[in-house]
Novice: 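Okay, here's the structure, questions in a sec.
Because only heavy atoms are used, hydrogens play no part in the values below, and waters and symmetry mates are left out as well, while side chains stay in.
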Amino acid sequence: MTGKSNRQRTEVAGADTSAADRTPSPNMLLDRLGPLTALGQEATSIHTVQDAVRKASGEPRLAGGPALVRPPELGATASERRHEAAKHLKLGATLLAAGKPRQAIAAFRQAILLDPENPVSHHDLGLACARSGRTTEAIAAFRDAIALKEDYPSAHYNLGLALEEGRDDMGAIKAHTRAAELSPTMADAHERLGALFDRCSCPAEAIESYERAAAAKPNSTTGRLARAEALRLRGDLAQAEKWFLRAIARDPANAYALRSFAIFLTNLGRMGEAADWLMRTLAQDPTDVLAFYNLTSARKFVAADRPLVIRMAELAEAKGLSENFKEL
């Protein structure tokens, strides 16, 4: 996970004026205002945020630190600032859709600087951070969105996903439960609750959640997989297998569906079939950590698998996984 620096410059009132003939730098003009004045506080804030935006976007640091240029938007009316913020928000959404989450982070932060009360900007910043592997920052951003708009189902749901990534299952259950309360037809929230309750050895709650997901969106991949999982937990394995295969037939490129069926087969002891489905999973998503993990249980590796083992090691390093997983 990428760390972040919270360094903040100390502003000093009463700067040296003995060299009045020197041309003042942009920083000096605002620095002299001092940290306790309104404009001095604004200067400190602008400096800190611009530094953070520059780092997030990968822009190289300038010699002597980033230049402090007061954005003209901050001197505008509230309506004008919101209008400018909307432009940055739209840019961030475009970058996120284009698979450029790091650049999107910079745009969303600029939107928040201009209009800090918009929960959508905080929510979308959370999405960009999550897709950049910055889980702690994503959690904070989603919580900021919820603080501004508590009845925000997507923010609760995405907070739940981020908490899952951070291995906080109890926190994730709480977040997904709230999302499902606010949006009872949100199948994904019910499905995640099913998976979490299953992992926590609460089969009755898991079955109920899976069945709610299936009822919410019966003709979706999520709904079909949820139906399969509910049948599995009820012990009807033959019907569960049919629903897994039905989901895959309708959505053959869905790595989550492929992996779920492979794990189902692994638990039945059908290791050869499971390994084949896991390899199909990895063909769709070469970065699927759980597919790699389950593959180590489903088959033995031989010399010809060396490229696959190298990929596993590289992925483990990139994801910051535990030493136990790296040694598998």
Side-chain angles (χ1 to χ4, degrees), residues 1 130 133 135-136 138-139 142 153 156-181 183 186-217 220-237 239-241 243-244 247-248 254-271 274 277-278 281-282 285 287-298 315-316 319-326 328:
M1 184 183 303
T135 305
T136 301
I139 290 170
F142 290 132
H156 287 283
Y157 172 72
N158 287 309
L159 172 61
L161 293 182
L163 290 168
E164 286 188 61
E165 188 70 21
R167 295 173 175 78
D168 181 358
D169 285 354
M170 293 300 102
I173 286 173
K174 182 178 178 180
H176 289 311
T177 298
R178 184 58 180 147
E181 288 172 350
S183 181
M186 185 182 285
D188 288 337
H190 292 296
E191 189 275 337
R192 291 317 306 152
L193 281 170
L196 287 162
F197 282 129
D198 190 13
R199 193 155 69 211
C200 294
S201 301
C202 300
E205 291 84 351
I207 290 170
E208 182 179 2
S209 295
Y210 279 133
E211 289 181 342
R212 285 180 177 175
K217 287 190 177 179
S220 68
T221 300
T222 297
R224 295 185 184 100
L225 291 175
R227 178 76 65 199
E229 297 289 8
L231 289 164
R232 172 184 63 80
L233 287 169
R234 290 189 180 280
D236 192 344
L237 302 181
Q239 282 299 314
E241 182 168 350
W243 276 96
F244 276 121
I248 292 169
N254 190 307
Y256 182 71
L258 295 168
R259 177 178 19 102
S260 296
F261 183 48
I263 293 172
F264 171 78
L265 294 172
T266 300
N267 291 333
L268 294 180
R270 293 158 60 178
M271 298 303 188
W277 284 99
L278 287 167
T281 303
L282 291 169
D285 182 3
T287 67
D288 192 320
V289 175
L290 288 177
F292 274 122
Y293 180 84
N294 283 278
L295 190 60
T296 63
S297 301
L315 182 60
K319 294 285 187 179
L321 302 177
S322 69
E323 291 300 320
N324 289 336
F325 179 74
K326 291 180 187 179
L328 290 174

Novice: For residues Leu161 and Asn158, determine if any side-chain heavy atom of one lies less than 4.5 Å from a side-chain heavy atom of the other.
Specialist: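 The answer is yes, as the side chains (C-beta and beyond) meet within the 4.5 Å cut-off.
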Novice: For Leu231, give me all partners under side chain to side chain contact (heavy atoms under 4.5 Å, CB included), at least two apart in sequence or on another chain.
Specialist: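 Per chain and number, Leu231 pairs via side chain to side chain contact (heavy atoms under 4.5 Å, CB included) with Arg227, Asp236, Gln239, Ala240, Trp243.
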Novice: Quick one: list whatever passes side-chain hydrogen bond (donor to acceptor under 3.5 Å, both in side chains) with Asn254, sequence neighbours left out.
Specialist: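 By the side-chain hydrogen bond (donor to acceptor under 3.5 Å, both in side chains) rule, Asn254 matches Asp251.
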Novice: If I compare all heavy atoms of Ala130 with all of Ala138, which pair ends up nearest, and what's the gap?
Specialist: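 Here Ala130 and Ala138 meet closest at N-CB, 3.7 Å.
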Novice: Check step by step if side chain to side chain contact (heavy atoms under 4.5 Å, CB included) holds for Phe264 and Leu237.
Specialist: CA-CA 9 Å; Phe264 171 78; Leu237 302 181; 4.1 Å; yes
Novice: If you look at every heavy atom in Ala213 and Ala226, which pair is closest and at what distance?
Specialist: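 Minimum heavy-atom separation between Ala213 and Ala226: CB-CB, 3.7 Å.
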Novice: Less than 4.5 Å apart, side chain to side chain, heavy atoms only: is that true for Ser260 and Glu229?
Specialist: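 Yes, their side chains come closer than 4.5 Å.
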Novice: Would you mind reporting whether Asp198 and Arg232 have side-chain heavy atoms less than 4.5 Å apart?
Specialist: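 Yes, at least one pair of side-chain atoms sits under 4.5 Å.
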Novice: With a 6.0 Å cut-off on the ring centroids, do His176 and Tyr157 count as close?
Specialist: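 Between Tyr157 and His176, which both carry aromatic rings, the centre distance is below 6.0 Å.
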Novice: Could I get the full list of side-chain hydrogen bond (donor to acceptor under 3.5 Å, both in side chains) partners for Arg178, not counting sequence neighbours?
Specialist: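 Expected list: Glu150, Glu181.
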Novice: How far does CE of Met271 sit from CG of Leu265, to the nearest 0.5 angstrom?
Specialist: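 If we round to the nearest 0.5 Å, Met271:CE and Leu265:CG are 10.0 Å apart.
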Novice: If you measure from OG1 on Thr177 to CD on Glu205, what distance do you get to the nearest 0.5 Å?
Specialist: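 Thr177 atom OG1 to Glu205 atom CD measures 10.5 Å (nearest 0.5 Å).
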Novice: Rounded to the nearest 0.5 Å, what separates atom CZ in Arg192 from atom OH in Tyr210?
Specialist: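 Arg192 atom CZ to Tyr210 atom OH measures 7.0 Å (nearest 0.5 Å).
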Novice: With no hydrogens and no angle check, is any side-chain donor or acceptor of Asn294 less than 3.5 Å from a backbone partner on Leu290?
Specialist: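 Here the side-chain-to-backbone pair exists.
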Novice: Rounded to the nearest 0.5 Å, what separation is found between the CG atom of Asp168 and the CG atom of Leu163?
Specialist: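 Answer for the CG-CG pair, Asp168 versus Leu163, is 5.0 Å.
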Novice: Measure the NZ-NE2 distance between Lys217 and His190 for me, rounded to the nearest 0.5 Å.
Specialist: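 That separation rounds to 11.0 Å.
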Novice: Give a yes or no answer on whether the side chain of Ser183 reaches the backbone of Ala179 with a donor-acceptor pair at less than 3.5 Å.
Specialist: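 Not confirmed, Ser183 side chain does not pair with Ala179 backbone.
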Novice: Given Tyr256, which of Asp285, Leu225, Thr222 fulfils the side chain to side chain contact (heavy atoms under 4.5 Å, CB included) condition?
Specialist: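 That would be Leu225; it is the only one of Asp285, Leu225, Thr222 passing the side chain to side chain contact (heavy atoms under 4.5 Å, CB included) with Tyr256.
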Novice: Please find the pair of heavy atoms, one from Leu193 and one from Ser209, that lie closest to each other, and give the distance.
Specialist: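 That would be CB-OG, 3.6 Å.
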Novice: Taking side chain as C-beta onward, heavy atoms only, is His156 less than 4.5 Å from Phe142?
Specialist: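 No, their side chains stay 4.5 Å or more apart.
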Novice: So which atom in Pro203 and which in Leu233 form the shortest heavy-atom distance, rounded to 0.1 Å?
Specialist: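 Taking every non-hydrogen atom into account, O-CD1, 4.4 Å.
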Novice: Shortest non-hydrogen contact from Leu282 to Ala291?
Specialist: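 Closest approach of Leu282 to Ala291: CD2-CB, 3.8 Å.
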Novice: Which heavy atom in Thr135 sits nearest to a heavy atom in Ala162, and how many Å separate them?
Specialist: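 Smallest heavy-atom distance, with atoms named: CG2-O, 3.3 Å.
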Novice: Working to the nearest 0.5 angstrom, can you tell me the gap between Leu278 CG and Tyr293 OH?
Specialist: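 One finds 12.5 Å between CG of Leu278 and OH of Tyr293.
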